[in-house]
Amino acid sequence: MPYQKLSRKSGPRRALLRSLVTSFLKNGSMETTAARAAAVRPLAEKMITLAKRGDLHARRQALSFLLDEDVVTSLFEKIGPKMEAREGGYTRVIQKGPRRGDSAPMVILELVSN
């Protein structure tokens, strides 16, 4: 599956995705456009998989991508152990409807709770 370009060059797109994944893992859910959610979802799932591994190398890999050290700590101490029994599918997307200003399809991206 090709990646989402999100109408940005590679540097700003990477910065946007890092910021979105960090805030998503910090809050547990977010309301965004369908295209952004489709781009954020696999990255967030990869971060949770790293947290399930739990070793030092996985923590350093997460620190190199996420922008906030406190988010990495909560990811490895709270979210990772909570998702230990799951074999993927840590997030869910709920359709919300079109945005009022430009009719962009909006969704709610949230962590699945066990």
Side-chain angles (χ1 to χ4, degrees):
M1 179 175 150
Y3 61 90
Q4 301 278 337
K5 289 190 179 179
L6 302 175
S7 300
R8 287 167 173 78
K9 294 189 180 208
S10 62
R13 179 176 57 244
R14 179 170 164 81
L16 172 73
L17 291 175
R18 289 176 69 189
S19 175
L20 285 172
V21 172
T22 302
S23 69
F24 170 64
L25 292 174
K26 183 177 185 178
N27 299 319
S29 69
M30 68 187 308
E31 180 181 329
T32 186
T33 63
R36 285 183 180 181
V40 165
R41 188 175 193 178
L43 297 172
E45 301 241 351
K46 182 175 181 174
M47 293 297 118
I48 295 171
T49 302
L50 287 174
K52 282 176 56 179
R53 256 184 33 207
D55 58 349
L56 180 61
H57 183 60
R59 184 178 289 266
R60 287 181 175 163
Q61 285 179 309
L63 275 167
S64 72
F65 186 78
L66 298 175
L67 301 175
D68 190 358
E69 197 171 319
D70 296 334
V71 173
V72 174
T73 302
S74 73
L75 175 67
F76 276 76
E77 291 178 0
K78 295 177 186 165
I79 298 172
K82 191 165 67 169
M83 299 292 182
E84 196 67 41
R86 296 186 72 89
E87 292 291 325
Y90 313 115
T91 59
R92 113 176 16 111
V93 176
I94 301 170
Q95 302 294 324
K96 192 164 181 236
R99 186 163 52 191
R100 184 171 177 184
D102 60 356
S103 283
M106 297 297 287
V107 298
I108 298 172
L109 181 65
E110 62 185 15
L111 288 173
V112 174
S113 60
N114 285 348

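This chain uses plain numbering: 1 for the first residue, then up along the sequence. Because the structure is a prediction, the values reported are computed rather than measured.
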Determine whether a donor-acceptor pair (N or O, by modelled atom type, separation under 3.5 Å) exists between the side chain of Q4 and the backbone of R36. no

Using side-chain heavy atoms (C-beta onward) and a distance below 4.5 Å, is R13 in contact with Y3? yes

Over all heavy atoms of both residues, which pair between Q61 and S64 is shortest? Give the atoms and the distance, please. O-OG, 2.7 Å

Rounding to 0.5 Å, atoms CG (D68) and CG (L75) come to a distance of 11.5 Å

With side-chain contact (heavy atoms from CB on, under 4.5 Å) as the criterion, how do I79 and L111 come out once you've worked through the C-alpha distance, each side chain's angles and the decisive distance to 0.1 Å? CA-CA 9 Å; I79 298 172; L111 288 173; 4.1 Å; yes

Do other residues, nucleotides or ligands put more than 12 heavy atoms under 6.0 Å from the CZ atom of R53? yes

Any donor and acceptor pair, going by atom type alone, linking the side chain of E45 with main-chain N or O of G89 inside 3.5 Å? yes

Check whether any side-chain heavy atom of V107 lies under 4.5 Å from a side-chain heavy atom of Q95, and answer yes or no. yes

Same cluster for L16 and M106 if Ile/Leu/Val/Met/Phe/Trp/Tyr side chains link at under 4.5 Å? no

Between L6 and A39 the two heavy atoms that sit nearest each other are CD1-CB, 4.2 Å

Tightest non-hydrogen contact, residues S19 and L67, listed as CA-CD1, 3.8 Å

Could you measure the distance from the CG atom of L50 to the CE atom of M47? Nearest 0.5 Å is fine. 5.0 Å

In terms of heavy-atom contacts, S23 and M30 come closest through OG-CE, 4.1 Å

How long is the gap from CZ on R99 to OG1 on T33, to the nearest 0.5 Å? 6.5 Å

Common cluster, F76/F65, ILVMFWY with side-chain heavy-atom separation under 4.5 Å: yes

Non-hydrogen side-chain atoms of V40 and T91 separated by less than 4.5 Å: no

Does any part of the side chain of L25, heavy atoms only, come nearer than 4.5 Å to the side chain of I48, both counted from C-beta? yes

Output for pair (K26 NZ, L66 CG), nearest 0.5 Å, gives 12.0 Å

CG (L43) and OG1 (T22) are apart, to the nearest 0.5 Å, by 10.5 Å

Reported CZ-to-CG distance for the pair R41 and L20, which is rounded to 0.5 angstrom: 15.0 Å

Exercise: identify the closest heavy-atom pair between A51 and G80: CB-CA, 3.8 Å

Atom of E84, atom of K52 and distance for their closest heavy-atom approach: OE1-O, 3.8 Å

